Amino acid sequence: MKINILIFFLSLIGFSQNITKKNIDVLIIGGSTSGTSAGIAAARLGVKTLIVEETPWIGGMFTAQGVGACDGNNNLPSGIWNEFREALRSHYGGAEALETGWVSNTLFEPSVGNKIFNQMASKEENLEIINGFYITDIIKVGNLVKGAVFKNDKNEILQVNAKVTIDATDIGESLKMAGAQYRLGMDSRSETKELNAPMYANDIVQDLTWVAILKDYGVNSDKTIAKPSNYNAANFKGSCVETVDNIKIDCDKMLTYGKLPNNKYMINWPKKGNDIYLNVIEMSREERNAALLKAKNYTLQFVYYIQKELGYKHLGLADDEFKTADLLAYAPYHREGRRLKGISFFTYNDVADPYNQKESLYKTGISVGDYPVDHHHKQNSNAPDLGFPPVPSYTIPLGALIPEKINGFIVSDKAISVSNLINGATRLQPVVLLTGQAAGTLAALSVKDSKEVREVSIRKVQQSLLDQKAYILPLFDVKPTDPYFETVQKIAVTGILRTEGESYKWANRTWFYPDATITIQEFTEGLNQFDKKNQIIRKQNLVTEKQAAKLLIKAGGKFATKTKSSKKVVTKKELAILIEKSLNPFAMEIDFSGNLK
């Protein structure tokens, strides 16, 4: 076993009273956006779960990092994301009360988000949360992770032994400690086959932001902060000219980008704002914290610029959000860090054209998103311009959460196994929240079934998520309130009935078209996509109930009772019901490439 040197030393010299030891089923490193949902999901499935978080809050990007503006998934009311949003709507008095800024349909005060997450967590008797500790080491036997070691600012040690450990940190903090292979920076086009990827790999990560929340103290107030060190107004000149997509704006428009309820303003502005380039990922904790002071200072400079140069002196740092000395967020908003080398490698191509890839990763989907590929690189002149390549909505494969070789270990948040390019979409808060829910579900099933993480049935994880009212495919036109929702989700994820993706503004979509009809060729192409032994019949006749039954029986399907089938043309939702009734393809196990076992 890998022994933490500090623990060993302390025990030798008699300070063992400073060490707290815990045995748990599921350990979650980080109460981030995904860590919070992972903890709630695992606890709900009946396993003893512990979240260890460095900051005083849980919720990560949504709360401790101050990004109280949801990017995407407005039309995908899935799982814990939907629960959280409904709680926000209840708190503020309806959906419209959250539409305070123009960047999102859901904006809220970070402190309210933290309160709601804690209320959700407090209902779970199997969930414990410990704040104020940061990870120092991973406990490991061979290639099996057995827990982790943490420390706080009082030099107290927390040693947690766990059956399954989840890294839910923003930057993949424990990947190197665990010995899991990972990527960092931009991938080369030759590796990922993505046309928008740079020709050559590099170590460039996205700009990060230390978010501030401003509050309107009244028109006659002067809340101008002291002039920050290294202040240079030229850095921010042009912040009120246009958006990242070149729409002309004024300063009022810029500030209301992230306007929150109760006359507060999220300061997380990308263009001539408070984004900053700092590649701190491989630094030690001490080096990183020192370097990140530049991000704090840069945000304070921007706040001073807003107050002094733009004339908004009545907008001051909110005194009722973060209990920090400088009133800034508890932690920086990292958009990117280490990215796991997992069983599956999810790329832009898997999103743009899911049906024509070597691996059918969509069949293993567990977390849905609809936000575009959004990269922040304006503060690094050496960064290639990746543009905004169009994508439909998408589902993240389960294998992206599981390391290639390390056991007892799951990765969530932004550190999953995705390409740098598609990380620009998979990193957004609602997606990450759902990825965490899937990670917690996988961990709980691993414990309950006494199976290694990679041996847990993919379909069992997906079924559990469906039971939790979560999506496994991002279908825009089939809602959880539809009586056939679960059936359509199950059949579409087998590939038998195809979906159609659409790149649409800032909220991409995937259509099932439940009331549409399909041809015999389309249907048999779907059956072939599911199982190659099924032959494609190139006929353009629309599928009738009778023809569907005949083709399903030929594919191995069985009907419990002999029913009269008619020549009535069937819709896709009716066909989904027939497929589930006779063939039940979702019950057949698949591997991480989407192939039948």
Side-chain angles (χ1 to χ4, degrees), residues 70-78 81-82 102-106 193-196 243-247 346-357 360-375 386-397 418-419 421-431 434-435 470-482 484-485 487-519 521-523 525-526 529 571-573 575-576 594:
C70 304
D71 290 311
N73 284 37
N74 185 55
N75 294 309
L76 296 173
S78 175
W81 153 241
N82 188 52
W102 53 267
V103 74
S104 173
N105 298 97
T106 304
K193 314 303 180 190
E194 299 164 321
L195 294 179
N196 279 68
T243 64
V244 291
D245 45 358
N246 303 315
I247 297 173
F346 190 57
T347 72
Y348 172 85
N349 296 337
D350 294 304
V351 174
D353 190 14
Y355 293 108
N356 291 301
Q357 303 304 313
S360 300
L361 296 184
Y362 72 92
K363 294 181 181 180
T364 70
I366 44 81
S367 171
V368 297
D370 64 9
Y371 203 70
V373 177
D374 181 16
H375 279 256
L386 302 177
F388 284 87
V391 290
S393 52
Y394 57 88
T395 182
I396 292 173
V418 296
S419 70
L421 185 62
I422 202 60
N423 172 72
T426 61
R427 67 177 178 80
L428 281 311
Q429 311 104 310
V431 186
L434 294 170
T435 302
Y471 287 55
I472 54 178
L473 281 181
L475 304 182
F476 177 78
D477 55 351
V478 181
K479 302 300 183 186
T481 51
D482 292 327
Y484 47 85
F485 171 78
T487 295
V488 168
Q489 285 276 321
K490 287 181 176 180
I491 301 307
V493 85
T494 66
I496 295 177
L497 296 180
R498 287 195 176 194
T499 61
E500 185 176 320
E502 177 189 16
S503 177
Y504 183 76
K505 299 180 180 179
W506 289 87
N508 301 310
R509 304 188 290 207
T510 299
W511 301 84
F512 181 73
Y513 298 122
D515 295 316
T517 56
I518 63 172
T519 65
Q521 179 169 331
E522 288 174 298
F523 185 37
E525 283 175 343
Q529 174 85 206
T571 63
K572 287 183 73 178
K573 66 185 178 189
L575 196 48

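Note that this is a predicted model, so its numbers are computed, not measured.
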Checking Pro354 now: which residues fulfil side chain to side chain contact (heavy atoms under 4.5 Å, CB included) with it, not counting sequence neighbours?
Tyr362
Thr499 side chain to Tyr513 side chain, donor-acceptor N/O pair below 3.5 angstrom
no
Could you work out, with side chain to side chain contact (heavy atoms under 4.5 Å, CB included) as the rule, every residue matching Asp374, not counting sequence neighbours?
Tyr371, His376, Phe388, Arg427
Taking only residues two or more places apart in sequence or in another chain, which ones pass side chain to side chain contact (heavy atoms under 4.5 Å, CB included) with Arg509?
Phe476, Glu502, Tyr504, Trp511
Can you list everything that forms a side chain to side chain contact (heavy atoms under 4.5 Å, CB included) with Thr426? Sequence neighbours excluded, please.
Phe346, Tyr394, Ile396, Val418, Ile422, Asn423
Applying ring-ring contact (aromatic ring centres under 6.0 Å, His included), can you list everything that pairs with Tyr471, at least two apart in sequence or on another chain?
Phe485
Verify the distance criterion only: is there a donor paired with an acceptor across the side chains of Thr510 and Ser393 at less than 3.5 Å?
yes
Can a donor-acceptor pair be found between the side chains of Ser419 and Thr347 at a distance below 3.5 Å?
no
Picking from Asn508, Val391, Val373, what satisfies side-chain contact (heavy atoms from CB on, under 4.5 Å) with Ser503?
Asn508
What pair of heavy atoms forms the shortest contact from Thr364 to Pro397, and how long is it?
OG1-CB, 3.2 Å
Say whether Gln521 and Glu525, considering side chains only, have a donor N or O and an acceptor N or O under 3.5 Å apart.
yes
How would you list, by chain and number, every residue that makes a side chain to side chain donor-acceptor pair (under 3.5 Å) with Asp353, sequence neighbours excluded?
Asn356
